[in-house]
Amino acid sequence: MKIEVFSDKNTLAKAASAIAAAKLRDCIQQTGRARIIAATGAAQFEFLEMLTRTSQIDWSRVEMFHLDEYVGIPAEHPASFRKFLRERLINKTGITHHHLIEGDADSGDVIAKLTAEIRKAPIDLAFVGIGENGHLAFNDPPADFETDEAYIVVDLDEACRRQQMGEGWFKSLDEVPRRAISMTVRQILKAQEIIAIVPEARKAKAIEKCFAGEISPLAPASILRRHSNTIVYLDKDSAALLKPETVAAFQP
């Protein structure tokens, strides 16, 4: 795993989107397609905006999965991650081959269908974020590092739910769902390459715990340190609590 630190979130997004675009082009050129995982949330705004503006990506050859969705939320709810991805990625690029998590359908049926699709071939590239509580997807602490399932239903802890409210997706904590369908930690780690986009000061404590502390289910994103081809993109605010020697240890 490598860590890259940038002066602000726009500079971060520009660098990360350039690398992501190059990897997508390379994968399409080599194999004729790219299978990706897309992240959602406010921290992904700038990255997705710059990625979707990038030229010379044949999005018709991109197959997309996503990380998580609230149980019981309809697709047109303002907080729906399906709505997020349609507005910020799918509609802007014309991706037609996508597998969205239907949070308002039967969870067992949704998981079975998604599992069958994601296991048809390896995932080339995963875009992920890290939550204020250190979660990876909606795998809140203590995260399940052991399950071999591709997707599971998870309970959302209060810190996670407060983050969703704080980002403006819900008006009150009571409105935030308590359960979600999430891609599992092991499934995420099966991606051949992972790009983590993690700007903003509100993520600094989680970044410190995940990358300066122990690899532990209590710091779910710490598991990225065991992946051989991950780059974590931070800005100076999200990296503020990391010591220089810690950052240096994750330099190429």
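These values consider heavy atoms only, across backbone and side chains, with no hydrogens, waters or symmetry-generated copies.
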Participant: What I want to find out is whether Arg162 reaches Glu132 closely enough, with some N-O distance under 4.0 Å, to be called a salt bridge.
Facilitator: no
Participant: Which distance, rounded to the nearest 0.5 Å, do you find between the CG of Leu51 and the CD1 of Ile197?
Facilitator: 9.0 Å
Participant: For Asp237 and Ala201, work out which heavy atoms get closest and say how close.
Facilitator: CB-N, 3.5 Å
Participant: Check Arg186 with Asp148, please: is the shortest side-chain N to carboxylate O separation under 4.0 Å?
Facilitator: yes
Participant: Is there a side-chain contact (heavy atoms from CB on, under 4.5 Å) between Leu173 and Glu158 once you walk through the steps?
Facilitator: CA-CA 9 Å; Leu173 187 62; Glu158 184 172 326; 4.3 Å; yes
Participant: So, do Ile188 and Leu67 sit near enough that their side-chain heavy atoms are less than 4.5 Å apart?
Facilitator: yes
Participant: Same cluster for Met183 and Leu114 if Ile/Leu/Val/Met/Phe/Trp/Tyr side chains link at under 4.5 Å?
Facilitator: yes
Participant: How about CZ on Arg53, more than 12 heavy atoms from neighbouring residues, nucleotides or ligands closer than 6.0 Å, or not?
Facilitator: no
Participant: Determine whether a donor-acceptor pair (N or O, by modelled atom type, separation under 3.5 Å) exists between the side chain of Gln251 and the backbone of Val247.
Facilitator: yes
Participant: Stepwise, does the side-chain contact (heavy atoms from CB on, under 4.5 Å) test hold for Val128 with Ile195?
Facilitator: CA-CA 6 Å; Val128 304; Ile195 292 177; over 6 Å; no
Participant: How about Lys205: does its NZ atom have over 12 heavy atoms from other parts shown lying under 6.0 Å from it?
Facilitator: no
Participant: When rounded to the nearest 0.5 angstrom, what distance separates CD1 in Ile73 from CD1 in Ile181?
Facilitator: 12.0 Å
Participant: Using the salt bridge (charged side-chain N to carboxylate O under 4.0 Å, His left out) rule, collect all pairs that involve residues 20-42, keeping only residues at least two apart or in two chains.
Facilitator: Lys23-Glu193, Arg35-Glu63
Participant: Can Leu242 and Leu234 be said to form a side-chain contact (heavy atoms from CB on, under 4.5 Å), step by step?
Facilitator: CA-CA 11 Å; Leu242 291 180; Leu234 308 176; 3.9 Å; yes
Participant: Taking side chain as C-beta onward, heavy atoms only, is His98 less than 4.5 Å from Val62?
Facilitator: no
Participant: Would Ile111 and Val153 count as a side-chain contact (heavy atoms from CB on, under 4.5 Å) if you check the C-alpha gap in whole Å, the side-chain angles of each, and the deciding distance to 0.1 Å?
Facilitator: CA-CA 9 Å; Ile111 287 172; Val153 176; 4.0 Å; yes
Participant: Hey, does Leu189 have a side-chain heavy atom less than 4.5 Å from the side chain of Ile194?
Facilitator: yes
Participant: Measure the CZ-CG distance between Arg161 and Asn133 for me, rounded to the nearest 0.5 Å.
Facilitator: 12.5 Å
Participant: If you count every heavy atom of other residues, nucleotides or ligands that lies below 6.0 Å from Lys113 atom NZ, does the total exceed 12?
Facilitator: no
Participant: Which pairs count as salt bridge (charged side-chain N to carboxylate O under 4.0 Å, His left out) when at least one residue sits in residues 238-252, sequence neighbours excluded?
Facilitator: none
Participant: Hey, quick one: are Ile19 and Ile57 part of the same hydrophobic cluster, counting side-chain heavy atoms closer than 4.5 Å, chains of contacts allowed?
Facilitator: yes
Participant: Residues in ring-ring contact (aromatic ring centres under 6.0 Å, His included) with His99, at least two apart?
Facilitator: Phe65, His97
Participant: Using modelled atom types and a 3.5 Å cut-off, is there a donor and acceptor pairing between side-chain atoms of Asp157 and backbone atoms of Asp140?
Facilitator: no
Participant: Using a distance-only test with no angle check, is there a side-chain donor-acceptor pair under 3.5 angstrom linking Asn139 and Asp144?
Facilitator: no
Participant: For residues Ile37 and Gln187, determine if any side-chain heavy atom of one lies less than 4.5 Å from a side-chain heavy atom of the other.
Facilitator: no
Participant: I need the Ile207 CD1 to Glu200 CD distance, nearest 0.5 Å.
Facilitator: 11.5 Å
Participant: Do you know which two heavy atoms are closest between Gly131 and Ala206, and how far apart they sit?
Facilitator: O-CB, 3.3 Å
Participant: Can Asp174 and Ser172 be counted as having a side-chain donor-acceptor contact under 3.5 angstrom?
Facilitator: no
Participant: Taking the inter-plane angle between the rings of Phe138 and Phe81 on a 0 to 90° scale, is it parallel (under 30°), tilted (30 to 60°) or perpendicular (over 60°)?
Facilitator: tilted
Participant: Sort and list the pairs that fulfil side chain to side chain donor-acceptor pair (under 3.5 Å) and have at least one residue in residues 208-227, not counting sequence neighbours.
Facilitator: His227-Thr230
Participant: Determine, for Glu167 against Arg202, whether the closest basic-nitrogen to carboxylate-oxygen distance falls under 4.0 angstrom.
Facilitator: yes
Participant: Can you list every ring pair (Phe, Tyr, Trp, His ring centres under 6.0 Å) pair that touches residues 228-252, not counting sequence neighbours?
Facilitator: Phe6-Tyr233
Participant: For the residue pair Pro177 and Val71, establish whether any side-chain heavy-atom pair is separated by less than 4.5 Å.
Facilitator: no
Participant: Please find the pair of heavy atoms, one from Ala221 and one from Cys210, that lie closest to each other, and give the distance.
Facilitator: CB-SG, 3.8 Å
Participant: Please collect all side chain to side chain donor-acceptor pair (under 3.5 Å) contacts where either partner lies in residues 74-83, sequence neighbours excluded, each pair once.
Facilitator: Glu69-Ser80, Glu69-Arg82, Arg82-Glu102, Arg82-Asp104, Lys83-Glu87
Participant: Using distance alone, with no hydrogens and no angle criterion, decide if Thr11 and Asp8 have a side-chain donor and acceptor under 3.5 Å apart.
Facilitator: yes
Participant: Do Val232 and Met1 have side chains that approach each other closer than 4.5 Å (heavy atoms only, starting at C-beta)?
Facilitator: yes
Participant: So how far is it from Ser107 OG to Arg179 CZ, rounded to the nearest 0.5 Å?
Facilitator: 7.0 Å
Participant: What closest approach, in Å, do Leu136 and Pro220 show between heavy atoms, and which atom pair accounts for it?
Facilitator: N-CB, 4.0 Å
Participant: Is the closest basic N to carboxylate O distance between Glu46 and Lys14 below 4.0 Å?
Facilitator: no
Participant: If every non-hydrogen atom of Pro199 is compared with every non-hydrogen atom of Leu12, which pair is closest and at what distance?
Facilitator: CB-CD1, 4.1 Å
Participant: How long is the span from the CH2 atom in Trp59 to the OG1 atom in Thr52, to the nearest 0.5 Å?
Facilitator: 7.5 Å
Participant: Linking I/L/V/M/F/W/Y whenever their side-chain heavy atoms sit closer than 4.5 Å, directly or via other members, would Met50 and Met64 fall into one cluster?
Facilitator: no
Participant: Quick one: do Ile95 and Phe47 end up in the same hydrophobic cluster if we chain Ile, Leu, Val, Met, Phe, Trp and Tyr together by side-chain heavy atoms under 4.5 Å apart?
Facilitator: yes
Participant: Looking at Lys9 and Asp235, is there a salt bridge between them, counting it only when a charged N and a carboxylate O are closer than 4.0 Å?
Facilitator: no
Participant: Side chains of Ser182 and Tyr151: closer than 4.5 Å at any heavy-atom pair?
Facilitator: no
Participant: For Ala150 versus Ile118, what's the shortest heavy-atom pair and its separation?
Facilitator: CB-CG2, 4.0 Å
Participant: Is Thr184 reaching over with its side chain to a backbone N or O of Glu149, donor-acceptor style, under 3.5 angstrom?
Facilitator: yes
Participant: Please tell me if the side chains of Thr96 and Ile90 come closer than 4.5 Å, counting only heavy atoms from C-beta onward.
Facilitator: no
